[in-house]
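Quick notes on the structure that follows.
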Amino acid sequence: MVSGTSTWKAPSIDGLPEGRLNMAHEAVDRHVNHGRGATVAMRFLSEDQPDRSLTYLDLSIQSSMFGSVLRTLGATAADVVFVLGGRRPESYIAMLGALKAGCAVAPIFTAFGPEPVRQRLSAGRGRILVATAAAYLAKVRPIRDALPDLRHIVLIGPKSEGIEDAGVYPWDSLMSEASPDFAAVPCDPQDRAFVHFTSGTTGTPKGAILPHQAVIDHEATARSVLGLREGDVYWCTADPGWVTGTAYGLIAPLTCGVTCIVDESEFDARRWAAILQDHAVSVWYTAPTALRMLMKAGPELWHHRDLSALRHVASVGEPLNPEVITWGRTHLDRVIHDTWWQTETGSIMIANGPRTAVRPGSMGQPVAGIEIALVERDEHGERVLLPDGSPSFVKEPGTQGEIAIRTPWPSMMRGYLNAPERYAACFAGGWYLSGDLARRDADGYVWFVGRGDDVIKSAGHLIGPFEVESVLMEHPAVVEAGVIGVPDPLLGESVRAFVTLGPGFEASEELRRDISAFARTRLGSAVAPRQIEVEPRLPHTQSGKIMRRLLRARALGLPEGDTSTLGATA
């Protein structure tokens, strides 16, 4: 295992005696200790209930109470506490309380079905689960016999009182008897804090282990990349079932002392626009998919909106198409700043910060303290490693390679749960190998090309699907595009595109020819799609990424593999 940094000291982190650290203490308790307990930490919005606010003092007390609950249930540092609660106050309180208790936290996305829930609970040998009553009944109770380790289930929500299954306890009952006299456990900075499960193109989900020390990078990047400062109202739209929703929807903003907006409702374009205005959001962190959906809703959504409080907009989760940046400038009067990172990196690695001159289509530049390089690949797409096992690097501007990051850094994953071989395969010669391909220009800006297994090789050309997708989306009829390579007896692979159309456009052969001609004009015949298919919707992961692997499997009649992160609308 690659070790982390040997020291953790950071100017904005208090720490605990004798060099110990606890992420929840840094996010919540230290603000109370410094006299900021009355500041609103989280404001929860709901369509059918009044808004609910929790101050830093409220969070401190209630997370300590849940820490006491876990001790009553016999939880130890060896436990992984799973949370299947969605964007409810109890989910965030439970995660902070588990961190205080020295347990690891494993969030699960509530839209998962029973099988992906079972996979994650089994892999983590979960003994303790916090879930909504609805999620328990639909996703856990049917598979409980297959989870012999699962002993304690804490149910949140009004329907939990009527469930009398063995080992099931209503949240309200446990919390009403819990003591708030519970101090954060002093942890080693390298101790695990979160276990985030992430699916690849093959194999079962991997549990990436992030340490308490990650809070250093969370706080630093929240300030330097997202521009957070005390007094801000901040909205990260990511669900807490994903790493963005915990790292930058919970820990990072709370360490900065801001007020976090959490909307419990599902996406609605008009509602989202109203939230930005009515709650005077100053920093907004969201996904390109959501921005494209807002684009689709039409320009009238933004007429007469007061967004004067909105200072910074950033995106995450997939590459940001240049046309989305143009839309942001036109309708929000704001530049949208792209960021790049992975579950395994634990925090933002490459970004367009608040003071960066954005180049549309570029992910930006490495954040302070992070060194990146591009690893060479041979004609078969395999990494080029030197005899000593270190990678060979691409150095000429404009030449593409795999993004590699010099190890270590504080938020770097410390392992995959019970999978040391899979973890070791991510590193070579002191570098973390990301699997993402990019190119770097002469000024140091990094441009995303695609995943290593998404890149299309056609007639000797390496074609990045993102580049083709971005051009297709510039056509007035196209709202979204997914591009894959399919076998071609002459070219090796040819480019096939799947597009969804905007309002007022209907699929026709004439429109397909027009889109094809547009792409050939913009990209040239060697890169432009040879086939364009119109689809009512494209498959996405629950975090918003287009599943090109699934497009390829469906197009070629291949097994679809792991679809646990497939979005509900796909």
Side-chain angles (χ1 to χ4, degrees), residues 217-229 231-240 242-256 258-263 267 272-273 275-276 279-295 302 307-343 345-368 370 411 436 445-448 466 470 543-545:
D217 284 338
H218 292 162
E219 192 269 348
T221 52
R223 293 190 186 278
S224 66
V225 176
L226 301 181
L228 289 182
R229 52 192 186 228
D232 275 340
V233 176
Y234 167 73
W235 186 22
C236 172
T237 62
D239 188 272
W242 301 105
V243 67
T244 300
T246 56
Y248 291 98
L250 178 65
I251 301 300
L254 292 186
T255 62
C256 296
V258 306
T259 297
C260 299
I261 297 293
V262 179
D263 183 24
F267 175 85
W272 276 35
I275 289 172
L276 289 171
H279 292 273
V281 173
S282 44
V283 179
W284 182 31
Y285 198 27
T286 191
T289 297
L291 293 168
R292 291 194 293 265
M293 292 169 71
L294 290 170
M295 287 173 58
W302 307 100
L307 301 182
S308 57
L310 188 59
R311 186 177 73 248
H312 187 65
V313 182
S315 76
V316 64
E318 59 177 321
L320 183 64
N321 309 90
E323 56 273 21
V324 179
I325 295 176
T326 300
W327 169 84
R329 284 173 169 155
T330 302
H331 298 289
L332 304 179
D333 194 27
R334 302 292 184 277
V335 176
I336 302 171
H337 298 246
D338 199 8
T339 64
W340 177 91
W341 60 294
Q342 299 176 324
T343 301
T345 70
S347 64
I348 298 168
M349 297 283 104
I350 302 171
N352 292 282
R355 289 172 291 279
T356 301
V358 172
R359 296 184 179 180
S362 168
M363 301 187 296
Q365 299 174 320
V367 303
I370 295 300
S411 65
D436 280 359
Y445 283 77
V446 183
W447 303 73
F448 186 81
F466 175 66
S470 293
S543 57
K545 298 178 183 178

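Fair warning: this is a prediction, and the values are worked out from it, not measured in the lab.
- Looking at every heavy atom in both residues, A238 comes nearest to G245 through CB-N, 3.6 Å.
- Rounding to the nearest 0.5 angstrom, the gap separating the OG1 atom in T330 from the CD1 atom in I325 is 11.5 Å.
- Between the side chains of W235 and D263, no donor-acceptor pair of N or O atoms lies under 3.5 Å.
- Closest of all the heavy-atom pairs between L226 and V283 is O-CG1, 3.4 Å.
- Here the NE2-CG distance, from H331 to L291, works out to 12.5 Å after rounding to the nearest 0.5 Å.
- A ring-centre distance under 6.0 Å is not found for W340 and F448.
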Is there a side chain to side chain donor-acceptor pair (under 3.5 Å) between Q365 and T356? Walk through the geometry before answering.
CA-CA 9 Å; Q365 299 174 320; T356 301; 5.4 Å; no
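- Considering all non-hydrogen atoms of both residues, V367 and I348 come closest at CG2-O, 3.6 Å.
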side-chain contact (heavy atoms from CB on, under 4.5 Å) for L294 and W302? Distances and angles first, verdict last.
CA-CA 10 Å; L294 290 170; W302 307 100; 4.2 Å; yes
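- Interatomic distance, CD1 of I350 versus CE of M363, reported as 4.0 Å (0.5 Å rounding).
- In this structure, the separation between CZ on R223 and OG1 on T255 is 6.5 Å, given to the nearest 0.5 Å.
- Ring-plane geometry between H337 and H312 is classed as tilted, the angle between the planes lying from 30 to 60 degrees on a 0 to 90 degree scale.
- Of the inter-residue distances, the one linking L228 atom CG with C236 atom SG reads 10.0 Å to the nearest 0.5 angstrom.
- Aromatic pair Y248/W341: ring centres closer than 6.0 Å.
- Looking only at atom types and distance, the side chain of N321 has a donor-acceptor partner in the side chain of R292 under 3.5 Å away.
- Here the side chains of V233 and W284 are not in contact, with every heavy-atom distance at 4.5 Å or above.
- Shown here for V225 and A351, the closest heavy-atom pair between the two residues is CG1-CB, 3.5 Å.
- Using a 4.5 Å cut-off on side-chain heavy atoms (C-beta onward), T259 and D232 make no contact.
- Residues L332 and L307 form a side-chain contact, since some pair of their non-hydrogen atoms from C-beta on lies under 4.5 Å apart.
- A donor-acceptor pair under 3.5 Å is formed between the side chain of R311 and the backbone N or O of G227.
- Nearest approach of H218 to G346, heavy atoms of both residues: NE2-O, 3.1 Å.
- Judged by distance alone, the side chains of Y285 and S315 never bring a donor and an acceptor atom under 3.5 Å apart.
- Looking at heavy atoms from C-beta onward, P360 lies in side-chain contact with R329 at the 4.5 angstrom threshold.
- In this structure, OG in S411 is found 13.0 Å from CD in E219, a value given to the nearest 0.5 Å.
- Looking at every heavy atom in both residues, L320 comes nearest to F466 through O-CZ, 3.7 Å.
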